[in-house]
Student: 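After the structure tokens below, expect a handful of questions from me.
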Amino acid sequence: MNSRRNFLKQMSGAALAAAAAPSVLTWALPQGQSVNVPGEDGMILRSFRFVDLETPVEYFNTWLTPVSHFFVRNHMHEPSELDARDWRLSIGGEVEKPLTLSLAELSRLETHSVVNTLECAGNGRSLHRPQVPGIQWGKGAVSTARFSGPRLRDVLQRAGVKATGKHVMFRGLDEVPGKVPPFIRSIPVEKALDADTLIATHMNGAPLTKHHGFPARALVPGWIGAASCKWLTEIKLLDAEFVGNFMSPGYRLPNQPVKPGDAVKPEDTHPLTALSVKSVISGPSDGASLNAGKVAVHGAAWAGEADIAKVEVSTDAGATWTPAKLGHAHAHYAWRLWSYDWKPGKPGDYTILSRATDTQGRTQPASAVWNPSGYLYNAVDQVNIHVS
Ligand code: MTE
């Protein structure tokens, strides 16, 4: 049984009732509904037309996210029949010697590991005001894992990149429904040749699961999740950026801030690459009612290709800020867990904020830059709690 059918079979009665609703509503599930996908307990269902699962922020309590709690973002159906013995990866285009590799051949190349925080560019979209269309992600389209596999550059060097090879295109084996354009994107050759850019076959020490791109995916560390193509089957060197829906108009930002309704010309936009600086409070939960005493405020912070320099916490709605303690575990592209032990002075309602600053000097802004597709939301995080 393919994973989509399996997934649908496991969905709750309410979700299936919604699935049977009129066409326009077929994927508009009540937001925030929990779904029982095998091995994916407690995840928040954001779409069931294609599998889109969000990690509840309460799960941001381990440096490495267990694979079962790692968010899933699919633009289309996962490949239904994928036999690792038949799988091939082709490398062509602007190269001296086009290659085709089997999984066994790929596995014989030197392996490299990178702990990477993968975040969907649309993470936090539901928090933009005014609201924008698209999957209404809350704060949890982000997770961290140790990805392992051969370096992309080792494979590219075998094929011999010609001087005309400027961009590296990835194509996955998604099942493309109807008129939906295929999920094909490209990255500049400089990033492709970086020693940390991988053809990942493993996640947290185990072979990739189907949801995360089995048998191999690109891993473009520090960049928006869309750069890391799953179910990779073709790599092609191009002399220019790939032209297609998921490069333009998809995954681009206006060069200047725009207002809702403003017309944005394609030539006034640029492709999204590295992630912004950001922190999220994973506890206490928004709306929590706590007894007076010690309150552990904690969360995670990340900054794409930069490192986290500090995280500050405010327990008085931004009037004063105190540095949080950064967790020991860290790696270049990985989030940093942080915590702050707070003793509320008196009972009452409190607004707790977290604000991260990175080694490039970027600080989380008080409000995010609005854009028509709701990308890269990174405003200072906030929870409201009651202390009794
Ligand atoms: N690769 C393919 N082939 N198809 C997709 O839909 N989604 C992308 C990327 N790679 C996608 C893909 C997006 S938008 C994100 S955020 C990440 O995969 C999510 O990776 P994950 O599902 O392993 O968390």
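Whatever order the structure lists them in is the order used to number ligands and atoms, beginning at 1. Only a predicted model underlies this, so the values are computations on that prediction, with no experimental measurement involved. Start at 1 with the first residue, then count along the sequence.
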Student: Does I91 belong to the same Ile/Leu/Val/Met/Phe/Trp/Tyr cluster as W87, with side-chain heavy atoms less than 4.5 Å apart forming each link?
Tutor: yes

Student: Between F183 and F246, how do the two ring planes meet: parallel, tilted or perpendicular, split at 30° and 60°?
Tutor: tilted

Student: So, do H202 and F147 have ring centers that fall under 6.0 Å from each other?
Tutor: no

Student: What distance separates L353 CG from E312 CD, expressed to the nearest 0.5 Å?
Tutor: 11.0 Å

Student: Suppose we screen for salt bridge (Lys or Arg N to Asp or Glu O under 4.0 Å). Which residues come up paired with E94, at least two apart in sequence or across chains?
Tutor: none

Student: Measure from every N or O atom of ligand 1 to the protein's N or O atoms and keep only the pairs below 3.5 Å, writing each with atom names and distance to 0.1 Å.
Tutor:
{"unit_1": "ligand 1", "atom_1": "1 (N)", "unit_2": "K230", "atom_2": "N", "d": "2.8"}
{"unit_1": "ligand 1", "atom_1": "3 (N)", "unit_2": "D174", "atom_2": "OD1", "d": "2.8"}
{"unit_1": "ligand 1", "atom_1": "3 (N)", "unit_2": "D174", "atom_2": "OD2", "d": "3.2"}
{"unit_1": "ligand 1", "atom_1": "3 (N)", "unit_2": "K230", "atom_2": "O", "d": "3.1"}
{"unit_1": "ligand 1", "atom_1": "4 (N)", "unit_2": "D174", "atom_2": "OD2", "d": "2.6"}
{"unit_1": "ligand 1", "atom_1": "6 (O)", "unit_2": "H75", "atom_2": "N", "d": "2.8"}
{"unit_1": "ligand 1", "atom_1": "7 (N)", "unit_2": "R73", "atom_2": "O", "d": "3.2"}
{"unit_1": "ligand 1", "atom_1": "10 (N)", "unit_2": "S228", "atom_2": "O", "d": "3.0"}
{"unit_1": "ligand 1", "atom_1": "18 (O)", "unit_2": "R217", "atom_2": "NH2", "d": "3.4"}
{"unit_1": "ligand 1", "atom_1": "20 (O)", "unit_2": "R217", "atom_2": "NH2", "d": "3.1"}
{"unit_1": "ligand 1", "atom_1": "22 (O)", "unit_2": "R73", "atom_2": "N", "d": "2.9"}
{"unit_1": "ligand 1", "atom_1": "22 (O)", "unit_2": "K230", "atom_2": "NZ", "d": "2.5"}
{"unit_1": "ligand 1", "atom_1": "23 (O)", "unit_2": "H212", "atom_2": "ND1", "d": "2.7"}
{"unit_1": "ligand 1", "atom_1": "23 (O)", "unit_2": "R217", "atom_2": "NH1", "d": "2.7"}
{"unit_1": "ligand 1", "atom_1": "24 (O)", "unit_2": "F71", "atom_2": "O", "d": "2.6"}

Student: Can you name the one residue among T117, T144, N116 that meets side chain to side chain donor-acceptor pair (under 3.5 Å) with W335?
Tutor: T144

